[in-house]
Amino acid sequence: KYYEEHDHHAKGKKGKLAPQIGGTKITMIDEQGTIITFPSINSARIHFRVRFTTISKNINKSIIINGVKWNITISNS
């Protein structure tokens with residue numbers, strides 16, 4: 001009955017606006033201490049414009065992306 005009166009919050013949204021379902025939460029820290037968190041590996045891939053395996057194979061390691069050294073870890077929350 002609820003959906004007869006209300007639309008789903010993600011109906012018609014595609015790409016970056018679509019809801020993230022599951023996924024591995026990623027935290028990336030650069031040399032200057034800037035912290036960026038992502039809801040999934042795919043969202044980090046889109047942000048940095050790199051291949052999925054570039055991030056997924058370097059979890060808990062350091063990697064250079066666009067000349068900046070990033071430390072990639074899995075978030076707990």
Side-chain angles (χ1 to χ4, degrees):
K1 177 165 167 118
Y2 176 83
Y3 286 107
E4 291 175 4
E5 299 171 7
H6 302 89
D7 283 338
H8 190 270
H9 65 278
K11 183 177 180 180
K13 295 182 181 176
K14 296 180 180 178
K16 292 181 182 181
L17 298 176
Q20 293 290 329
I21 300 172
T24 304
K25 294 181 179 17
I26 298 290
T27 300
M28 297 182 70
I29 305 170
D30 72 356
E31 298 169 320
Q32 290 80 28
T34 306
I35 299 172
I36 302 177
T37 57
F38 297 98
S40 65
I41 295 173
N42 192 49
S43 61
R45 174 193 71 83
I46 292 169
H47 178 81
F48 289 105
R49 295 182 179 154
V50 295
R51 291 183 182 201
F52 184 90
T53 55
T54 302
I55 295 174
S56 65
K57 289 185 177 181
N58 290 295
I59 292 175
N60 296 324
K61 297 179 186 175
S62 293
I63 185 172
I64 297 175
I65 301 175
N66 298 330
V68 179
K69 186 175 181 181
W70 291 90
N71 187 10
I72 304 172
T73 58
I74 296 176
S75 302
N76 291 334
S77 56

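Worth saying up front: this structure is predicted, and the values here are computed from it rather than measured. What's counted below: heavy atoms across the whole structure, side chains too, no hydrogens, waters or symmetry copies.
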Closest heavy-atom pair and its distance - I36, W70: CD1-CH2, 3.6 Å
Side chain to side chain contact (heavy atoms under 4.5 Å, CB included) against N58, all qualifying residues, sequence neighbours excluded: K61, I63, I72
Measure the OG1-CD1 distance between T37 and I26 for me, rounded to the nearest 0.5 Å. 10.5 Å
Restricting to non-hydrogen atoms, name the atom on A44 and the atom on M28 that form the minimum distance, rounded to 0.1 Å. CB-SD, 4.3 Å
With rounding to the nearest 0.5 angstrom, report the CD1 to OG1 distance, I41 to T53. 10.5 Å
Let me confirm one number: the CD1-CD distance from I64 to E31, rounded to the nearest 0.5 Å. 7.5 Å
CG (N66) with more than 12 external heavy atoms under 6.0 Å: no
Taking the inter-plane angle between the rings of H47 and F38 on a 0 to 90° scale, is it parallel (under 30°), tilted (30 to 60°) or perpendicular (over 60°)? tilted
Between the CD1 atom in I55 and the CZ atom in F48, the distance rounded to the nearest 0.5 Å is 7.0 Å
Taking a hydrophobic cluster as the set of Ile, Leu, Val, Met, Phe, Trp and Tyr residues connected by side-chain heavy atoms closer than 4.5 Å, whether directly or through intermediates, do I65 and V68 fall within one such cluster? yes
